[in-house]
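Let me begin by presenting the structure, written as structure tokens, before commenting on it.
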Number of protein chains: 2
Amino acid sequence: MSDHDSGRAPQKRVTIKDVAKAADVSPMTVSNVVNGKHQFVSEPTRKAVEREIARLNYRVQHSARSLRVSRRRSVGMIFVDESPSFLVDHFNAHVVAGLCNVLSTADHTVTVQGIRAGQFNQSSIIRNFAVDGFCVVLSGPPDARSTILDSLINLDQPLVLMQEPIASPNQETCIVRQDDAGGGRLLADHLAARRVGTVLVVVPSQNWPAIDQRVAGLREGFQAAGGDVRIDVVQAETEEFDSARAAVMGYLDRHPLPDAIVGGNDRFAIAAMSILLDRGIAVPERVKITGFNGFEQRRYARPLVTTVISSAYELGERAGQMLLTRFEEGRFPTRELVLPVHFELGETT
Amino acid sequence: MSDHDSGRAPQKRVTIKDVAKAADVSPMTVSNVVNGKHQFVSEPTRKAVEREIARLNYRVQHSARSLRVSRRRSVGMIFVDESPSFLVDHFNAHVVAGLCNVLSTADHTVTVQGIRAGQFNQSSIIRNFAVDGFCVVLSGPPDARSTILDSLINLDQPLVLMQEPIASPNQETCIVRQDDAGGGRLLADHLAARRVGTVLVVVPSQNWPAIDQRVAGLREGFQAAGGDVRIDVVQAETEEFDSARAAVMGYLDRHPLPDAIVGGNDRFAIAAMSILLDRGIAVPERVKITGFNGFEQRRYARPLVTTVISSAYELGERAGQMLLTRFEEGRFPTRELVLPVHFELGETT
DNA sequence: CTGTTAGCGCGTTCAG
DNA sequence: CTGAACGCGCTAACAG
């Protein structure tokens, strides 16, 4: 009796019971209203209940519902990454955005977590994630990845692996990736047509399967093109711009100028290019440059880098759709989904 | 080859009871082990219980625990943003990373959600977020922001507002921001010392409080510096690179060349610079350029843009710390926290 | 259409 | 140090 619209001081949580009492119906009816089971509720009672819900500012207690129905309506997005700022990579950022947006249309929530490979197995946080399924981007050498994969599978929850070149190990796991190897081949074709003889590839030392695939595709492409191309690979210590620059400088100081530099992604390509420009080496006349991804940052550097376009946002969306149909229908629609990539000519080749 | 049907029966969840039975102790003892209440458990029983936990692959049922203790150990990070790819902005990405990393050390989880201002109030997803508190980055004009703020406050949960210039409206709300106005003043001082007479400011039309503050600080700074400076502001339709370019082109086609262009952030500064370079206008000799934020992308463009450095990652960390002490001690340590910014000289002034 | 009963898995309380 | 009872808020399955 105490509270009209003025007195809003519910120090105790408003439950379905409170609403039921206020609307003079049973808790079950309130539950039916809340869950949109309108077949079970008459129009007038529904209105009355809805009014009380609004008046009391009732919100469902998610944990109680989850406990009852064994569904969290939530997925965990995990990045195994050595960098604390794991979301600063545009690929990751796009994936999260796409995943998030798809899932939220189905009233699902996304919990993100970046974690270093070495900490993965000690981490209680992942084991105790309150989610219905996972979407994971792995990094590191194959054996480390496979150890982590085992822990993940052990969680016994639906799992989408992003950018993993392996086959999905079981029914509960599904792969969503893009054709990185194909992208590498596209670049090789393009460079081969420009009669490139020596190529420097710049990659991070942290082992990203997608980047490995790009390099593998590049080799394949050059092989198929016939010509006798020499490929050198240098690794940058970290993923950072300056790290890539250092790696390229180190190489250039000890080797003759290559005909082309291929970055594992656009950042690496642009870092390499910045060195060449510092040294007054003409791009693309003297050295050609290609990147990978084609996100917005590419526009900042000039000349515009020739690249292969990734649909990272769409990868995130697809992963979300996969998980949703897995939740609703009990199985993934397919064990593997591969998105195409697109060659994008710039001014550096 | 059927991994298809093999042993995978409905497989009931392993509960604390199962572990108790297996270890031949009471469920309560298992609970004490799980929660590290070692004072209540003898060494040998603990070992035994831990062995059974590992053997049965037991994981705590988060929703049952939450229901019991009224704690989710989770915070919601919300971006009110018109762009679907809300995480692609490095500021946002850094904030999430910082928040996430701090919270995960305390075994808390972060749920992210981007949402358009217009959809905010219809959105059931925010109302039903299963979290203990929120961290929010608002955008839009002041009245729209304040409507959203009201809904947020109505959720009756601890709330950290990032980059809001307003005072914290109540005990449950706390502001974490950086000194954007101060940053604007730094830039004004710098440009004033270079005897700039006309300035073009380029901002997105989507209203970000932080950018408003930067522009306000800039005006203040020029005022304080005395000189008679003319400031024109153009708005880009969206936050994208090309949108900023279009806005600048539109301006330049109708006005004489300004002495300086100030971007609301580095992206806008670099977009403006790209136009000048296209048109063969010398930077910084003919037109000076400044940005804001100083994230890695700034390195891609040359000449290197003079900017003000944001500690976005640290803002995220601080927000996380705020929330943690709010959870643990029942109140925020302070109602407002303002981080300093730093002037960073580049080659464009 | 509406109400009743009976837990979901866990942690607090209080007794051994 | 360990165990038994109880209930957190919600909803499936049934009754009326």
Side-chain angles (χ1 to χ4, degrees), chain A residues 10-50 52-53 56-73 107 124 127-132 156, chain B residues 10-50 52-53 56-73 107 124 127-132 156:
Chain A
Q11 63 174 29
K12 290 213 65 165
R13 173 170 261 289
V14 180
T15 76
I16 234 177
K17 248 186 204 157
D18 300 322
V19 177
K21 211 170 298 171
D24 198 35
V25 296
S26 83
M28 201 52 237
T29 302
V30 178
S31 172
N32 283 331
V33 172
V34 169
N35 295 319
K37 309 221 194 248
H38 293 176
Q39 336 103 2
F40 300 153
V41 185
S42 70
E43 183 72 13
T45 19
R46 206 194 79 210
K47 292 273 192 218
V49 169
E50 276 166 353
E52 291 307 312
I53 286 178
L56 299 175
N57 191 24
Y58 165 80
R59 276 152 292 154
V60 2
Q61 174 86 349
H62 202 281
S63 26
R65 174 189 280 172
S66 293
L67 177 57
R68 191 63 182 83
V69 303
S70 311
R71 275 277 274 129
R72 257 74 41 203
R73 300 191 83 77
D107 247 50
S124 65
R127 274 179 70 80
N128 296 334
F129 248 39
V131 297
D132 296 317
D156 225 0
Chain B
Q11 188 170 13
K12 284 204 49 164
R13 170 172 263 289
V14 180
T15 76
I16 234 176
K17 245 185 206 157
D18 301 321
V19 178
K21 211 171 297 169
D24 197 36
V25 297
S26 83
M28 201 50 241
T29 302
V30 179
S31 170
N32 283 330
V33 172
V34 168
N35 296 319
K37 307 219 195 264
H38 293 174
Q39 335 101 348
F40 300 153
V41 185
S42 68
E43 183 72 13
T45 17
R46 206 195 78 211
K47 292 273 192 217
V49 170
E50 275 166 354
E52 290 308 311
I53 286 179
L56 298 175
N57 192 23
Y58 164 80
R59 278 151 290 155
V60 3
Q61 174 86 348
H62 203 280
S63 25
R65 173 190 279 172
S66 293
L67 177 58
R68 191 65 183 84
V69 303
S70 310
R71 276 278 274 129
R72 258 73 43 203
R73 300 192 82 78
D107 247 49
S124 65
R127 273 179 70 79
N128 296 334
F129 249 40
V131 296
D132 296 317
D156 226 359

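Here is how names work: the chains are called A, B, and so on, in the same order as the sequence lines, proteins then strands, and each is numbered from 1.
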Atom [atom1] of [X] and atom [atom2] of [N]: how far apart are they, to the nearest Å?
X     : N      : atom1 : atom2 : result
B/R59 : C/dG9  : CZ    : P     : 13 Å
A/R73 : D/dC10 : CZ    : P     : 16 Å
A/I16 : D/dA12 : CD1   : C1'   : 13 Å
B/K21 : D/dG3  : NZ    : P     : 14 Å
B/Q39 : D/dC1  : CD    : P     : 9 Å
B/Y58 : C/dG11 : OH    : P     : 6 Å
A/D24 : C/dT2  : CG    : C1'   : 12 Å
B/E43 : D/dC1  : CD    : P     : 10 Å

Would you mind classifying the nucleic acid contact of [X] as base, sugar-phosphate or nothing, using non-hydrogen atoms under 4.0 angstrom?
X     : result
B/R65 : sugar-phosphate
A/T45 : sugar-phosphate
B/L67 : base

Would you indicate whether the side-chain heavy atoms of [Y] and [X] approach each other to under 4.5 Å?
X     : Y     : result
B/V34 : B/I53 : yes
A/V25 : A/V49 : yes
A/D18 : A/T15 : yes

Looking only at C/dT12, D/dG9, C/dT2, the nucleotide nearest the A/F40 side chain is C/dT2
Checking C/dT12, C/dC10, D/dT2 against the side chain of B/V69 (C-beta onward), the nearest is C/dT12
Sorted by number, residues from residues 25-37 of chain B placing a heavy atom under 4.0 Å from DNA chain D are B/V25, B/S26, B/M28, B/T29
(request) State whether the side chain of A/R127 and the backbone N or O of B/Y58 hold a donor-acceptor pair below 3.5 Å, judged by distance alone. (result) yes
Distance check: side-chain N/O of A/S42 vs OP1/OP2 of C/dT2, anything under 4.0 Å?
yes
So CZ of A/R72 and NE2 of B/H62: to nearest 0.5 Å the spacing works out to 10.5 Å
Looking at A/R46 and A/E43, is any side-chain nitrogen of the basic one under 4.0 Å from a carboxylate oxygen of the acidic one?
yes
Short side-chain donor-acceptor distance under 3.5 Å, A/R65 and A/N35
yes
